[in-house]
Amino acid sequence: MSVRIMLDAEVLTAFPDAQVCFVAARNLRNGEPWPAVDAAVEQFQRDVAAGAWAAPGEESPEIASWHTAYRAFGTNPRRARPSVEALSRRVAKSGRVPRISPAVDAYNLISLRHRVPAGAFDLDTLGELVTVRPARDGDVFVPMGEPDETEVPRAGEIVYAQDAHVLTRHWNHRDSDRTKVTSESRNVVFILERVSAEAVSGERLIAAQQELAESVRPFADELVLATIDADNPVAEQ
C-alpha cells in the first residue's frame with residue numbers, strides 16, 4: 001500500500017522554507033549486517049576521539065534554525081531538543097554513536113555528518129496519509145520505548161500525524177513507539193529535514209538524501225526518493 005506524506009498549509013505559512021526529503025525502501029534487509037555502515041560508524045567514532053568532529057552548538061545555523069522554529073510553535077528547545085542536537089550532544093559526551101539496527105545507524109550517521117534531523121517510520125504501520133501539521137485537540141502520542149504510556153501534545157505544536165495518532169513530538173524531538181523501525185521492519189521510509197534555507201540549502205539536503213540512499217540501496221529491493229516543500233507539498237511513498 002502506498003502512503004502519502006504532506007506538509008500542511010499552516011506549517012508552510014509559518015515555515016515557508018520547510019523541506020523534507022524521503023528515501024522509501026521496500027523489502028529492506030535490516031536484520032543482517034551492513035558492513036559499510038559499520039565501518040563508517042567506527043571511522044566517525046575515531047574522528048570524534050581525534051577531535052576531528054565536534055557537536056554543533058546552539059549558535060550554529062543548523063541548530064539555531066530549529067531552536068527558532070521550536071520557540072515559534074511554543075516549545076522550549078532546551079527542554080525538548082531537536083533530534084539532531086540531542087544526538088550530537090549524546091555522541092560528544094560518550095564518544096559513541098548509539099547502535100540500534102543497521103537502518104537506524106545509517107540515518108543517525110547522516111544526521112551527524114550533515115547536521116540535519118533524520119528519522120524513519122515503518123511503512124507497514126502507516127495509514128494512507130501522514131501529515132506534518134499543528135497538533136490539535138484529540139491528538140495522542142505513544143512515546144518510543146513506552147508502549148503503555150500516552151501523551152497529549154499541546155495544540156499548535158508541529159507534529160507528524162496520521163488521523164489523531166501523533167508520530168513525532170515537537171516536529172522531530174521524539175518518535176512514537178507505534179511506527180518505530182526494528183530489525184524486523186521490511187518497508188521503511190527514511191526522513192531528512194530542514195526548516196531554514198539559509199541554514200541548510202536544498203542542495204545540501206539532497207546530498208544527504210543521496211548519501212543515505214547509497215547506504216540503504218544494497219539492502220533493499222527498491223528505493224524511491226522524494227521531496228516535499230512549498231512547491232510540492234505532497235509525496236507518495
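What you see is a predicted model; the values in this text were computed from it and never measured. Each residue takes its place number in the sequence, starting with 1.
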Does a sphere of radius 6.0 Å around [atom1] in [X] hold more than 12 heavy atoms from other residues, nucleotides or ligands, not counting ones at 6.0 Å or beyond?
X      : atom1 : answer
Arg90  : CZ    : no
Asp47  : CG    : yes
Arg113 : CZ    : yes
Glu32  : CD    : yes

Quick check for you: to the nearest 0.5 Å, what is the distance between [X] atom [atom1] and [Y] atom [atom2]?
X      : Y      : atom1 : atom2 : answer
Tyr70  : Glu85  : OH    : CD    : 9.0 Å
Glu222 : Asn187 : CD    : CG    : 9.5 Å
Tyr160 : Leu7   : OH    : CG    : 7.0 Å
Arg71  : Trp66  : CZ    : CH2   : 14.0 Å

Checking [X] side chain against [Y] main chain: does a donor-acceptor pair fall under 3.5 Å?
X      : Y      : answer
Ser94  : Arg96  : yes
Arg194 : Asp17  : yes
Glu157 : His170 : yes

What pairs with Asn30 under side-chain hydrogen bond (donor to acceptor under 3.5 Å, both in side chains), at least two apart in sequence or on another chain?
-> Ser101
Do Phe22 and Phe121 come close enough that some side-chain heavy atom pair is under 4.5 Å?
->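 They are not in side-chain contact.
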same_hphob_cluster(Leu192, Val200) at 4.5 Å side-chain heavy-atom cutoff |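 As far as the 4.5 Å side-chain criterion goes, Val200 and Leu192 are connected within one cluster.
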